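Please read these numbers as outputs of a predicted model, since none were measured by experiment. Sequence lines set the chain letters: A, B, ... in the order given, protein chains first and strands last, and positions in each chain run from 1.
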Amino acid sequence: MPKPRVALFIPCYINHLFPGVAVATMTLLERFGYEVIYPEGQTCCGQPFANSGAHEEVIPLAQNFLRTFTGYDYIVAPSASCTGMVRHHYDPYVGDDPAYAPIQQTTYEILEFLHDVVQPEHFGVSFPHTLTLHQSCHGLRELELGVSSERVMPYYSKVESLLKRVDDLTLLPMERADECCGFGGTFSVNEPDISVRMGQNKLDNAEATEAEYLAGFDSSCLMHLDGIARREKRGIKTVHVAEILAGTVR
Amino acid sequence: MNHPAKSAAFLADPAHSRWHDHALWFIRQKRDSAAHQIDEWEHLRTLASQIKAHTMAHLADYLETFEHNAHQNGIHVHWATDAHEHNRIVHEILTKNRVKKVVKSKSMLTEECGLNPYLKEHGIEVIDTDLGERIVQLRHEPPSHIVLPAIHLKKEEVGELFEQEMGTELGNSDPQYLTHAARKHLREHFLSADAAITGVNFAVAEEGMFVVCTNEGNADLGTAITDLHIASMGIEKIIPSLEHLGVFTRLLARSATGQPVTTYTSHFRRPKPGGELHVVIVDNGRSNLLGDTDYAQALHCIRCGACMNTCPTYRRSGGHSYDYVIPGPIGSTLGASRDLKQHGDLTYNCTLCGSCTAICPAQIDLHHQLYAWRKTYVDQGYMPDHKRRLYRTGAWMLASPGRAQLFFGLTKWATRLLPRWILYGRLNVWGRGRELPQFAPQSFAEMYKEHKKE
Ligand code: SF4
């Protein structure tokens with residue numbers, strides 16, 4: 001049987017700033033027997049523009065996405081918010097394009113893909129460290145990777161469940177684990193003071209757990225938090241969950 | 001000043017803004033534990049949303065039923081298209097009854113209509129009787145929260161205010177002491193008032209009666225002491241029948257403060273013997289939203305304040321950072337619908353984290369509303385030109401992988417070569433509290449190419 005073909009969607013800023021996260025994603029997919037292709041010609045999914053109301057700008061980007069990613073079994077991205085954009089917000093831009101429906105149904109965030117599709121019993125890696133988890137908003141409330149603290153329903157967290165399949169890892173619970181970190185795309189520069197304060201509070205809560213790592217599953221949150229942590233010379237390190245699962249944390 | 005500037009001012013007192021955040025988060029936690037005690041909580045939210053959707057779809061009918069039944073009960077019903085008409089009607093009723101002083105319990109609608117200044121201009125004294133409302137009234141400011149109007153203040157500030165206004169002890173800011181003083185101060189006003197004004201939380205069409213929820217009993221005291229009661233009600237406050245009321249009273253107090261029910265849930269069905277009871281039903285722009293699929297849901301709001309308590313921006317920026325009468329997520333969407341040109345930029349104070357949508361007892365998709373309003377805001381040309389150009393250029397840059405490569409490449413070299421004082425100059429808003437991200441030596445695309453060659 002031929003291997004299922006997965007197209008990697010690597011959001012533009014991850015490509016340049018956090019290639020390690022992309023490598024981890026690719027490593028994981030190859031390890032579990034997928035043929036991984038990084039289609040050429042991919043670029044921004046349009047999220048920053050859609051979120052700002054600049055929707056004219058989104059149309060060509062969404063069309064490009066369909067062109068680039070048609071013809072694969074799955075599309076997998078290491079970004080919850082970009083996945084959410086393609087899956088939940090493309091309708092007004094490319095909804096009547098017949099190429100959209102198959103893409104909408106086969107686009108996954110990497111952790112969601114691992115949890116729901118791959119379902120490995122174990123990742124075969126060890127991470128002998130303590131960490132605490134920031135539950136990024138789009139992954140949590142839009143992709144429903146877990147139950148957010150506002151909701152009254154049986155608790156689950158796909159990300160925590162994946163982390164339990166790594167050896168020697170200690171996950172420490174954090175106060176306000178699913179409060180927004182304050183990145184919010186262009187919000188981070190439209191409202192810099194609130195944005196930074198939210199990030200500082202997130203880091204305070206993370207540091208209170210005394211964990212070595214603050215893990216997350218959206219690189220944009222981590223970019224913001226890491227920027228504050230470095231400015232303030234805080235000790236805590238940020239890491240993407242995919243890197244832990246892939247065993248590629250440097 | 002716009003929202004970012006006012007937020008910065010609020011954050012400039014770190015101890016106080018921290019206190020504000022913690023105080024509201026504490027209420028959010030009380031709400032969580034109250035909600036978690038109700039197994040069918042999510043079901044109740046769904047019901048509430050369905051009842052509201054149904055009622056809004058038949059709004060005219062239910063309002064007429066209400067009018068008819070209220071009339072049967074001896075209630076006078078008035079209709080006001082806008083704020084001015086509301087104020088005029090209230091003023092007329094008061095004049096007819098030769099009223100000099102009114103005690104008023106909390107009502108965001110009268111705030112929205114600017115009733116207090118209107119009556120003051122016409123020589124009628126209005127005393128807000130909700131403690132928090134009275135505090136902000138004495139300070140000549142608007143409320144900063146719809147349930148906790150004075151939450152932006154420190155107790156010391158309240159102490160100083162009471163020193164001046166009520167002659168309390170110098171430097172005594174013990175909350176119990178101050179509450180006691182306020183109670184005495186308000187008692188005198190209650191006893192000398194000629195009429196009471198209240199809001200309406202729910203109006204039951206089938207019964208022609210309405211419900212007012214308070215924690216301080218001030219609405220009851222005012223209406224019990226005076227013979228004239230005027231209730232101001234937005235058209236969206238109507239619900240079909242008593243069986244629906246329970247859904248909302250179960251949700252309201254739990255969402256607002258974590259209490260199982262408000263301390264006073266008072267039902268008004270008919271005027272008291274010898275007294276008069278008036279209801280003024282106000283549209284003031286609400287019906288414009290009715291036919292709009294994106295925005296009609298904003299009319300489902302039961303004014304519990306939960307979206308404010310949970311909003312990471314609101315907790316850190318304070319209610320006065322919003323230039324609309326209602327702050328927080330619901331205020332930003334209502335403000336935008338009221339006057340997009342003036343209030344539309346409020347929709348940008350949100351990270352789209354979705355916590356408000358998940359908490360709202362009426363299941364209003366608040367963050368989607370803000371998202372949708374931004375689009376309308378840009379469409380109508382309200383986004384400032386320089387920002388609009390920035391987005392256009394950005395999209396053009398990123399639309400081709402080659403240009404994106406060039407853009408990131410240039411930025412990478414800039415971050416490496418430029419001295420810190422230029423790199424972190426005034427224009428670098430990101431860099432005000434954060435270091436720039438560190439570029440990797442090689443992009444993933446480059447690594448992938450090499451990997452494929454191997
Ligand atoms: S929008 Fe929802 S959460 Fe906010 S005040 Fe209204 S009912 Fe409460």
Name the region of [X], side chain, backbone, both or neither, that has any atom closer than 4.5 Å to a heavy atom of chain A.
X	result
B/D21	both
B/R403	neither
B/H451	side chain

Which of parallel (below 30°), tilted (30 to 60°) and perpendicular (above 60°) describes [X] and [Y]?
X	Y	result
A/H224	A/F183	tilted
B/H368	B/Y371	perpendicular
B/W19	B/H16	parallel

Best-contacting candidate, [options], against chain A by heavy atom pairs under 4.5 angstrom:
options	answer
B/T411, B/L352, B/D32, B/L370	B/L352
B/W373, B/W41, B/Y377	B/W41
B/A399, B/S443, B/A404	B/S443
B/Q405, B/K449, B/K412, B/M383	B/Q405

Test salt bridge (Lys or Arg N to Asp or Glu O under 4.0 Å) applied to B/R315 and A/E179, step by step: CA-CA 12 Å; B/R315 271 186 275 110; A/E179 187 185 16; 2.7 Å; yes
Interface moiety of A/R230 toward chain B, non-hydrogen atoms closer than 4.5 Å: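 Interface part for A/R230: both.
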A/C12 and B/F407: CA distance, side-chain angles, deciding distance, side-chain contact (heavy atoms from CB on, under 4.5 Å) verdict: CA-CA 11 Å; A/C12 39; B/F407 167 75; over 6 Å; no
Partner chain B: residue of A/C181, A/A54, A/G46 with the largest heavy-atom pair count (under 4.5 Å):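 The option with the most such pairs is A/A54.
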Residue, of A/I228, A/I14, A/I10, that accumulates the most heavy atom pairs under 4.5 Å with chain B: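 Highest number of heavy-atom pairs under 4.5 Å: A/I228.
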Test of ring centre spacing under 6.0 Å for B/Y322 and B/H343: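 No.
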Residues forming a ring pair (Phe, Tyr, Trp, His ring centres under 6.0 Å) with A/Y34, sequence neighbours excluded: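 With neighbours one apart ignored, the set is A/F113.
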Lys NZ or Arg CZ of A/R231 over B/Y424 ring: under 6.0 Å, within 45°: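 Yes, cation above the ring, under 6.0 Å and within 45°.
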Geometric cation-pi criterion B/R374 and B/Y348, 6.0 Å radius, 45° cone: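 Cation-pi check for B/R374 and B/Y348: passes.
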Residue that, paired with A/H89, satisfies side chain to side chain donor-acceptor pair (under 3.5 Å) out of A/Q47, A/H55, A/E142: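 When side chain to side chain donor-acceptor pair (under 3.5 Å) is applied between A/H89 and each of A/Q47, A/H55, A/E142, only A/E142 qualifies.
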Any residue of residues 56-68 of chain A which, by heavy atoms, sits under 4.5 Å from chain B: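 The stretch touches chain B at A/E56, A/E57, A/L61.
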Salt bridge (charged side-chain N to carboxylate O under 4.0 Å, His left out), paired with A/E207, selected from A/K237, A/R234, A/K202: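 The option that passes is A/R234.
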